[in-house]
**Q** 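Would you mind keeping the following structure in view while I ask a few things?
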Amino acid sequence: MNDAKPQPALFSFSPDNLARAEKIVGKYPAGRQASAVIPLLDIAQRQSGNWLPQAAMDYVAAMLEMPPIRVYEVASFYTMFNLKPVGENFVQVCTTTPCWLRGSDEIVHACKRKLGIGMNQTTEDSKFTLHEVECMGACVNAPMVQINDDYYEDLTPELMDSILDALKEGKKPDVGSQTGRKGSCAQNGSTSLKEKA
Amino acid sequence: MPKLTINGIEVEVAQGTSVLQACEQLEIEVPHFCYHDRLSVPASCRMCLVEIEKMPKPVASCAQPCADGMVVHTDSAVVKKARKGVMELLLINHPLDCPICDQGGECDLQDQAVAYGCGCGRHHENKRIVGEKELGPLIKTAMTRCIQCTRCVRFVDEICGTPELGGLYRGEKMEIGTYVARALSSEMSGNLIDICPVGALTNKPAAFTARSWELQKTETIDVFDAIGCNIRVDMRGNDVVRVLPRLNEDINEEWINDKSRFAIDGLKRQRLDRPYVRRDGKLVPASWNEAFAVIAEKLRGIAPNRIAALAGDLVDCEAMFALKSLVAALGSPNLDCRQDGANYDVSTRAASIMNSGIAGIEESDAIVLIGTNPRHEGTLVNARIRKRWLRGGCRVGVIGATVDLGYPYQSIGTTPQGIADLMFGKHAFAAILKNAKKPMFILGAGALAREDGAALHRVVRELAEHFNAVREDWNGFNVFQHAASRIGGLDLDFLPQIGGQGTRAILGGAMEAVWLLGADEIDVTKLGNAFVVYQGHHGDVGAHRADVILPGAAYTEKTGIYVNTEGRPQVALQATFPPGEAREDWKIIRAFSEVYGEALPYDTLDTLRTKMFESAPVLANIGHCEKSGWSAFGFTGEVSAQPFAPVIENFYMTDPISRASATMAKCSDEILPLWEAAE
């Protein structure tokens, strides 16, 4: 997979992203622009298709007048920066205790079966990459997965299948709870503040 | 000045001293890994824990400043237990491969594990494995051994000014590396081998060749530039295995550059190990007597004023003194130690040396570099300037090519016009110099070799005087030499005598016989049809042109005095023997003088030195820089508008030894392109 998408030689921000980046850099006092490294890497990652090529890190380093190695240190420290190419849909399955108790093993299994790949792999068509991650703070609606920026909660293997099918067809499934639960209401409907719920 | 008690001993230390430094002042050993006295303090290894009364837990002494009334214990039960714990944790992932590790025997971790660790480990889990890193042709890695002290990261960041190493990833997966698999671009990266407290970074060219305890150690002087770095040459049998720096605060602190450290494999290649004589256009092996006879016969048939001698860059004072005496005995006034053709006023010693001294850089608050790239011409001077700049309150200006020096500077033009701009206040840097308390001007010897070098010499002297850089308590006029033999040659007056010719005329085809003493950085085609004697240790440019080759000794093979760019004479000691029939250079000249019938009046090194010190007393002051008088030196002349050109094209190949070195060839291939890309 990595061979299919080699490291691009060049990277530069699109005009929109450049404006956004400059605004962020402007928040910090002169000479402290290196503080903007994380948001800028995030912008760069979004622009490059959910991963950070070396050229993008070098570009950010040059923009912030930092030695490139300092940027590599940051980018490699944070797991939310992908240093290798990932599929169009970056599926991150939570398998921490609450999700596990609620059946995340089956969700993982469903993903593997549906996509025909194992953990940390990408499908042939570059549409999906599967990762296992730690708690993402949506335990109340466990089990859950994050696909790109969206949470899909209250999953069952069948629901997981249908989400992946929809994504395969290029559709965008509804995000959030898949059982129609609102926010973090109890499973059988709200038990208090009923008027608002 | 805080006063504290350490192990019952009361001590008063300077404000800001750490507890660990205070312990060291009392010669109390505190084990440590990440702390290094020339680097910043991360306090990450925790090995230096001590107990301080009224503090709830053991404290990392490297990061704890001394305070009044502190009571410190470094050998209490608590400290011993804490050290054992830290050592056990450090060893969790450290492989037990000391028997196959090059650091074995001189390893901080090994030593401290024996002294402060537990007798056995309690871990049954697997150790982590870290992949090797590509750091270029000089440094071999075994990153599984790394204990993540980050000394290497701080060294390249702070001392070299080439931040390329970092701590990547995190937690158990943390690794030290460059992220990009390519060589380190620093020209002093070899020091990483010394500062790494474990066997993670080791000497690649010398990998698996010797154990530290089998080596014979000789303390001597480096000759690859004019800094005169103090080095230790480690031998096994008659082979130089490695070169290490020795501590000398006034010169190289505890670093050396990569050429000094790694060019030594050149000592075994391309060597001249027997005399040669050219017969029918071909160099054929000959005996010493045959070679001497050929030279003597030839010289007898030549008028003395058509005979000349040139000394090269790696020559010791003794050889130059002997050759000078020989040339005088032959009746010739033609000799020069400046093979680059420089011809500036050397009427006073202050005109050709670094008057402020290398350590003086640390006092200066405004430095102007003129026609020099100290990074290539004398790495340790550049490191000193960087150190000064890093401390703050010092501005650097450069008149010359814009190159990466590892610290920011203001460019004052690329031509000598910059000197006039400073003089007449037309450049903003003039105001900085005016307000500076100790301004410094560093004039490269390469600039002095220009056509207008002699005039440049004068205008820079005037510039220094204009900014009050030359006064009773401070002399900021510095000529920065890059040849190890140069100041020695000048001190010995190895220069055209009355009515004699210098390098330019000698290389103008005016001579019928030329004696080249290790002179290789010359255009030999300019020697015309002269009869050439080449005395030296490598089959380089000079030897190829020679009619007679006399095999000499390289710097590790003879005892000799070298004078560094500060004018500091230092004695280099013999570590090994010259190969084959090669001999020490002064002995060759002495032997020839006898064959010629003009025997020089000394048979031993001691008697030679006695004579030499009589004629150049300044050389007898070993290890010290002699102050010399100031005068209005310099020749008048036109200064051209030519931009300053780089003196050294390839830092890794500047002399016959480094040109013969395979390691230096690899560096030229892998590291030079990185510099070119950066500039």
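Below, read A as the first sequence line, B as the second, and so on, with proteins coming before strands; counting in each chain starts at 1. The basis for the numbers below is simple: all heavy atoms, side chains too, and nothing from hydrogens, waters or symmetry mates.
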**Q** Is it the case that over 12 heavy atoms from other parts of the model lie below 6.0 angstrom from the CD atom of Gln121(A)?
**A**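 Buried by this count: over 12 neighbours within 6.0 Å.
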**Q** Near Met119(A) CE, under 6.0 Å, is it more than 12 heavy atoms from other residues, nucleotides or ligands?
**A**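 Buried by this count: over 12 neighbours within 6.0 Å.
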**Q** Do any pairs count as a side chain to side chain donor-acceptor pair (under 3.5 Å) and have a residue in residues 85-94 of chain A, sequence neighbours left out, and if so which ones?
**A**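 Output for this query is empty, none listed.
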**Q** Taking the side chain as everything from C-beta on, heavy atoms only, tell me whether Ile69(A) gets closer than 4.5 Å to Leu168(B).
**A**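 They are in side-chain contact.
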**Q** To see if you've got the definition right, give the donor-acceptor pairs under 3.5 angstrom between chain A and chain B.
**A**
unit_1   : atom_1 : unit_2    : atom_2 : d
Arg70(A) : NH1    : Asp157(B) : OD2    : 3.3
Arg70(A) : NH2    : Leu165(B) : O      : 3.0
Glu73(A) : OE2    : Gly167(B) : N      : 2.6
Ser76(A) : OG     : Tyr169(B) : N      : 2.9
Phe77(A) : O      : Arg170(B) : NE     : 3.0

**Q** Should we count CG of Asp174(A) as having more than 12 external heavy atoms under 6.0 Å?
**A**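 Atom CG in Asp174(A) is not packed in, count stays at 12 or less.
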